[in-house]
Structures are given as structure tokens and as C-alpha cells.
Number of protein chains: 2
Amino acid sequence: MMFSKSLEYALRAVIYLCNESSEHAKLNINQISTAIDSPEPFTAKILQTLVRRNIIASTKGPGGGFFIDSKAKPIPVIDIVDATDGRSAFERCGLGLKECSESRPCPIHNEFKSYSYKLQNLLTKKTVQDLARGVSEGKSFVTNF
Amino acid sequence: MMFSKSLEYALRAVIYLCNESSEHAKLNINQISTAIDSPEPFTAKILQTLVRRNIIASTKGPGGGFFIDSKAKPIPVIDIVDATDGRSAFERCGLGLKECSESRPCPIHNEFKSYSYKLQNLLTKKTVQDLARGVSEGKSFVTNF
DNA sequence: CCAATAAAGGATATAAAGGTCTTTTTATTG
DNA sequence: CAATAAAAAGACCTTTATATCCTTTATTGG
């Protein structure tokens with residue numbers, strides 16, 4: 001927190017794909033960006049990087065599109081973070097000091113480290129499939145009205 | 001988390017002022033930005049907004065500068081956040097949905113809300129003076145080497 | 001094989017954050 | 001009261017994030 005736009009769209013798209021796509025029911029970029037209400041070409045770029053990282057799959061040509069195979073391994077949310085924003089927000093000093101460590105901490109070092117650690121831990125344990133389950137059960141949403 | 005550059009510089013400057021300035025020992029922008037190793041004109045802008053919000057004080061003219069009166073009330077860190085970044089990062093949906101609420105939550109709504117709440121609470125309780133104390137005691141630092 | 005479809009790739013545009021520069025205003029002091 | 005020192009104000013520049021557009025490549029069905 002907070003998440004970049006790229007990460008927001010990536011997460012919404014991946015959760016959506018998790019529930020709505022499969023090897024035999026691919027979704028094209030228009031269908032995805034319409035569903036999750038995100039800018040189409042920008043979302044395309046983001047999905048391309050997820051494909052490159054083997055987080056999602058895609059095929060070209062008629063009937064092609066993006067999909068997540070239902071028998072794919074669970075995807076930790078942190079994988080999406082790594083693909084879009086990276087870890088720098090978690091790793092750099094909260095006050096922007098060049099050197100900030102146990103031996104020479106900034107005044108918020110410990111608090112920051114604790115939050116950062118807990119959050120990374122949470123993002124590592126939570127999977128996209130966990131989040132998708134809530135959506136498929138109607139308990140949560142990735143679409144605007 | 002994560003903090004903007006403005007907030008980082010603001011916090012470092014205010015903590016520094018807390019320890020090193022007083023009504024009778026004002027510091028000019030060059031002294032401050034040199035000490036905390038921040039871009040001088042940008043830092044000046046930020047301090048100006050803190051003055052407008054009565055978080056710190058300043059006087060013009062020779063011998064003038066910025067200062068925090070030692071008998072000033074404790075300054076909650078959240079006041080600096082409000083002056084620079086605002087609360088939007090805490091308040092908007094973690095996945096960027098337009099409508100995200102208890103009754104129609106995004107898949108990370110509850111986690112996000114919990115972290116956001118804890119963090120705002122921490123920032124409300126912690127004061128700049130608390131942070132400055134650590135620095136004056138040599139336990140933490142706001143300067144680069 | 002060809003026409004259509006869809007992602008991939010690369011160049012470009014726009015907005016916001018980060019940062020600088022110049023001029024004006026105010027205060028102090030010799 | 002003039003010279004100087006310092007913040008305030010406002011215009012401007014740069015970089016990064018966000019977003020779009022156009023061309024290329026791959027795939028498929030007829």
C-alpha cells in the first residue's frame with residue numbers, strides 16, 4: 001500500500017481471469033478491460049508482462065485471448081506485485097535515507113519494518129485463487145457497478 | 001507506506017527542527033536542506049506549506065528562518081501526512097474500485113482496511129517529538145552520512 | 001492459402017510528482 | 001534609510017507513471 005494503477009488493474013484482471021477463463025474459454029483484452037472497467041491498451045500492456053512472467057497464459061489469433069488454466073498452481077499475490085511494482089516500496093527507508101539499517105535506523109525504521117514484513121507475509125500467503133473464491137461466491141467484487 | 005518524497009522531506013525537516021531550532025535559534029532553508037540532504041528549493045516549498053498550516057513557524061529577514069517553538073504542542077505525525085500527501089491513500093479502495101464498501105467490498109477490502117486503520121492510528125499517536133527524541137538520544141537518525 | 005482475429009511490440013502522448021528558478025515581500029541592522 | 005538577508009509566491013522545467021496508437025506476428029477457420 002499503496003498500490004500503483006498497474007498493480008490494481010493487474011490484480012483485478014487476474015482475479016477475473018481466474019474465475020471466468022480457462023484453456024477452453026479464453027478472454028480477449030476487450031472483454032477483460034470492459035469487465036473490470038480499466039483502460040484497454042494499458043491493461044493489455046500489463047497483461048503482456050504477466051504472460052512474459054508465466055503468471056497467466058495467452059494465445060494469438062481467432063478464438064485466442066488470455067486465460068489462467070484452472071489446474072495452474074496457486075498464484076501468490078506477491079507475484080503480481082513483483083511483476084508490476086516490485087519490492088522497492090517495501091525495502092527502501094520510509095524517510096528516504098540512503099543508509100537506514102538496524103545499526104543506523106531512521107526514527108520510523110522499526111515500525112516501518114514491522115508493517116512491511118507483515119504485509120509482504122500476507123501477500124505471500126494470500127493467493128489470487130483465494131481472492132477469486134470470494135468473488136465467485138458473491139462475497140466480494142472486482143467490477144464497478 | 002508508502003510516503004511521497006514531500007512527506008519524507010517534511011518529516012526529516014520537522015524532526016530536525018524539533019531538535020535543533022527554537023524561537024531564538026532559527027534555521028534557514030540552506031541549513032535545513034544541507035543537514036537533511038534534501039533538494040533546497042523543493043524543501044522550501046514544503047516548509048512553506050507547513051508554515052501555512054501552523055505546524056512550524058518562520059520569520060523573514062536577517063536572522064530569520066524556520067523554527068519549532070519548544071513549548072509548542074506535540075505534533076502528531078498524521079498532521080504532516082495531512083499537510084503533504086493527504087489521506088486519500090488510506091481512504092481509497094486498494095484495487096481502485098469506484099465503489100468499495102462493507103456491503104460491496106473488493107477482495108482485499110478487509111485486510112486493507114485493517115492495515116489502513118492501524119497505520120493511521122499509529123501516525124495519530126506518534127508525535128514528531130517522539131521521533132525527535134530518538135534522534136537527540138543518538139538512537140536514530142534523519143541525516144545521511 | 002487467405003482473410004480475419006487477437007496478442008506482442010514499439011513509439012508516442014498526457015498527467016502527476018518531483019524539482020528549479022526568478023521575482024516579490026518582509027524584516028533586520030549598520 | 002539603505003543594504004542585506006531571508007521567506008513567500010509563482011512560473012517553469014524534468015522525470016516517472018499512466019495511457020494510447022500503430023505496426024508486426026501468430027493463429028485459425030473457411
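Computed from a prediction, not measured in an experiment: that's the story for all the values here. Chain letters run A, B, ... following the sequence lines, proteins first and then strands; every chain starts at 1.
- By the salt bridge (charged side-chain N to carboxylate O under 4.0 Å, His left out) test, B:E8 is found to be paired with A:R92, B:K5, residues two or more places apart in sequence or in another chain being considered.
- Geometric assessment of B:R104 against the ring of A:F145 yields a positive cation-pi assignment under the 6.0 Å and 45° thresholds.
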Atom pairs under 3.5 Å, N or O on each side, protein against nucleotides 17-21 of chain C: can you list them with distances?
from, atom 1, to, atom 2, distance (Å)
C:dG18, OP1, B:K5, N, 3.4
C:dG19, OP2, B:Y9, OH, 3.3

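- One interatomic measurement links the two molecules: CG of B:N28 to P of C:dT28, which rounds to 15 Å at whole-angstrom precision.
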Worksheet item: Would B:L119 and B:F90 satisfy side-chain contact (heavy atoms from CB on, under 4.5 Å), going step by step from the backbone distance to the final call?
Response: CA-CA 9 Å; B:L119 202 46; B:F90 295 111; 4.0 Å; yes
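- B:I29 comes within contact range of the sugar-phosphate backbone alone, with a heavy-atom separation under 4.0 Å but no base atom that close.
- Contacts classified as salt bridge (charged side-chain N to carboxylate O under 4.0 Å, His left out) and involving residues 127-145 of chain A (residues at least two apart or in different chains) are given here: A:D130-A:R133, A:E137-A:K139.
- Within the structure, salt bridge (charged side-chain N to carboxylate O under 4.0 Å, His left out) contacts touching residues 26-46 of chain B (residues at least two apart or in different chains) are A:K98-B:D37.
- Reading DNA chain D from its 5' end, the first and the last nucleotide to sit under 4.0 Å from a heavy atom of chain A are D:dT18 to D:dT28.
- Hydrophobic clustering, defined by side-chain heavy atoms of Ile, Leu, Val, Met, Phe, Trp and Tyr closer than 4.5 Å, leaves A:F67 isolated from every other such residue.
- Taking OG of A:S136 as the reference point, atom CG of A:N19 lies at 4.5 Å (rounded to 0.5 Å).
- With sequence neighbours excluded, the residues satisfying ring-ring contact (aromatic ring centres under 6.0 Å, His included) with A:Y9 are A:F42.
- Annotation: proximity of residues 57-66 of chain A to DNA chain D (heavy atom, distance under 4.0 Å) is found for A:K60, A:G61, A:P62, numbered in ascending order.
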Using atom types as modelled, flag every donor-acceptor pair under 3.5 Å from a side chain in residues 48-56 of chain B to any protein atom, sequence neighbours excluded.
from, atom 1, to, atom 2, distance (Å)
B:T49, OG1, B:I46, O, 2.8

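- Taking CG from A:L131 and SG from B:C106, the interatomic distance works out to 8.5 Å, rounded to the nearest 0.5 Å.
- Screening residues 72-91 of chain B for side chain to side chain donor-acceptor pair (under 3.5 Å), with sequence neighbours left out, gives B:S4-B:D85, B:D82-B:R87, B:R87-B:Q120.
- Taking a 4.0 Å limit (strictly below) on heavy-atom distances, residues 14-27 of chain A does not reach DNA chain D anywhere.
- In this structure, A:S33 contributes its side chain and A:I29 its backbone to a donor-acceptor pair below 3.5 Å.
- Residues in residues 54-70 of chain B take part in these salt bridge (charged side-chain N to carboxylate O under 4.0 Å, His left out) pairs, two or more places apart or across chains: B:D69-B:K71.
- Across every strand in view, C:dG30 sits in a pair with D:dC1 that passes the Watson-Crick or G-U test at under 3.5 angstrom.
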